[in-house]
Amino acid sequence: MTTAPRTPSAGSFPEDFVWGVATAAFQIEGATTEDGRGASIWDTLCAKPGAILDGSDGSVACDHYHRWESDLDLIASLGMTAYRFSIAWPRVMPTGRRAINDAGLDFYDRLVDGMLERGITPYATLYHWDLPQALEDLGGWRNRDTAYRFADYAAITQFRLGDRVQHWATLNEPWCSAFLGHASGEHAPGHTEPAEAVVASHHLLLGHGLAAQALHGGRRPARVGLVVNLYDVTAASDSAADADAARRLDGQQNRWFLDPVLKGTYPADIVEDFAAYTDLSCVQDGDLETISTRLDWLGVNYYSSFHVAGLDAPAVPVVGARPTPWVGTEDVATVDRGLKKTGMGWDIVPEGLTRTLVRLKKDYDAPPLFITENGSAWEDEVVDGEVHDRDRIEYLDQHLGAVSDAIAEGVDVRGYFAWSLMDNFEWAWGYARRFGIVRVDYDTQQRTVKDSGRRYAAIAKANGLG
Ligand code: IFM
């Protein structure tokens, strides 16, 4: 079975639709020891033998810390009017609390000014996984106090940048920080304790709520959002076992984050599933009110979909060589539908994005939505200095088509940010996977706009560049 490519034409999007590109600090900045930046949990994980596929780290990455001006020129040259970037907590507060590092804030100050000078609207993410190592040493997201430290950091950063940055995302993909970081261990801090993952997820959500309150209470108006990675989950058959497998995966991946933020409750069925691991005594009175603090927008990162079946007997509990990130799902298998896959091995299911967006409207009455990440990795080839990345273009077209289908169904989607502006450090995969619409030659740091970059710029232009 294949999915039909769609080509969004001019006029498929509202006139004021926001067209942008996205990156994250640790994935592009490099300069991990410069100007007083403290160590982060990803510096620590990278130093662990075998943790990163190609043995690399973030010390140079795309050298964006030194090349930010030309990178902003590049964004402007693509005609983009918005840039989603993240701020490194350990640059701003090297130990995560108390001391503020002015040189770190100065960097983002210059970056934001540079955006505004080029007519690019900043969309800042406060936490894209680079927790200060000093806070990890105190228990990281397993420690409730980290949520309060995060709110302090949010307030401090907004105090400095809030006269120019209006759009704030608190966390990026808290599922990854909690479950990849603490259950499968493929992300920092690299733990494999399912109960820790659940506790960390609650403290991340609490941190989101506290930071949202701090941002709303700041001296400048803030549009506060949260970015979640949602998957479309389907059952392989109508059997009770398959339906239950889909319920559990959807519950952990999607509802565990959406329900508390948008409805003020944790999903009862997943609380029950988690009971074998934790009694959730980490959830204190008032936490859910804090977590469900008003959200001005929700960021959706969408890449793929899971088609799942329930097994009669538990399978070997591994994804690749690691434990599964979903807690207590050793009897759940993902089923190969024979769909085309990206270079990450992820099924390409654009209609899953439409379903996800429509569900957010129907089940959650969600606030305005942004697609804060969507994109694909491929084994790009450079031919005569050019990258003719037809697969990435097809993926882009299909997913933009899926967004316009959701808009046609009445979903309030305000913008799209391509992941990613440029090839970068793909976490546990190191530099071995490329998501950029711009190629980075890591030997020379030369940037080359791929065909997909030109295609994206043309679609944005044809649709009015909001
Ligand atoms: O590179 C990541 C990004 O940091 C978070 N969302 C998914 C992307 C691709 O894996």
Side-chain angles (χ1 to χ4, degrees), residues 20-30 40-43 45-46 52-54 56-58 61-62 64 83-89 123-131 169-181 184 186-188 204 225-232 253-254 257 298-306 319-320 322 325 341-349 352-353 356 370-380 389 391-392 395-396 399 416-440 442 452:
V21 286
T23 64
F26 191 78
Q27 294 180 271
I28 64 165
E29 285 179 358
S40 83
I41 53 174
W42 272 92
D43 298 298
L45 188 75
C46 289
I52 310 298
L53 184 70
D54 58 4
S56 62
D57 59 34
C62 304
H64 172 75
Y83 177 37
R84 175 176 178 243
F85 67 109
S86 85
I87 294 170
W89 188 350
Y123 284 69
T125 300
L126 285 161
Y127 185 72
H128 200 123
W129 307 350
D130 39 5
L131 185 73
T170 54
L171 308 174
N172 180 72
E173 301 182 357
W175 179 85
C176 295
S177 304
F179 290 88
L180 295 179
S184 72
E186 67 200 273
H187 279 193
L204 280 151
L226 168 71
V227 173
V228 284
N229 54 323
L230 302 181
Y231 286 79
D232 175 56
Q253 186 76 52
N254 301 319
F257 295 89
L298 180 73
V300 176
N301 292 358
Y302 177 86
Y303 289 90
S304 188
S305 141
F306 296 122
V319 170
R322 302 176 197 269
K341 294 175 175 39
T342 70
M344 300 295 283
W346 298 343
D347 282 352
I348 300 178
V349 190
L353 175 54
T356 298
F370 286 86
I371 309 303
T372 32
E373 282 182 31
N374 175 242
S376 55
W378 301 97
E379 283 196 23
D380 295 328
D389 52 342
D391 289 318
R392 191 175 285 103
Y395 183 101
L396 175 71
H399 286 78
Y416 177 96
F417 292 81
W419 185 269
S420 178
L421 166 65
M422 56 188 160
D423 298 335
N424 56 47
F425 178 79
E426 179 52 25
W427 308 109
W429 301 85
Y431 299 96
R433 293 292 181 277
R434 294 176 178 270
F435 274 89
I437 57 172
V438 172
R439 181 179 176 86
V440 175
Y442 294 114
S452 59

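Both ligands and their constituent atoms are indexed starting at 1 by order of listing. Values below: all heavy atoms of this structure, side chains included; hydrogens, waters and symmetry mates excluded.
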For this session: Before accepting this row, confirm whether a basic side-chain N of the pair D380/R392 lies closer than 4.0 Å to the acidic partner's carboxylate O.
Result: yes
Exercise. Are S452 and D389 close enough, and set up right, to give a side-chain hydrogen bond (donor to acceptor under 3.5 Å, both in side chains), and what steps lead you there?
Worked result: CA-CA 6 Å; S452 59; D389 52 342; 2.5 Å; yes
Exercise. Are the aromatic ring centres of Y123 and F417 under 6.0 angstrom apart?
Worked result: yes
Problem set entry | Salt-bridge criterion met for R84 and E373 (N-O under 4.0 Å) | yes
Problem set entry | is_close_aromatic(F370, Y416), centroid dist under 6.0 Å | no
Problem set entry | Under 3.5 Å: donor-acceptor pair, side chain of S420, backbone of F435 | no
For this session: Heavy-atom cut-off of under 4.0 Å around ligand 1: list whichever protein residues fall inside it, by chain and number.
Result: Q27, H128, W129, N172, E173, Y303, W346, E373, W419, E426, W427, F435
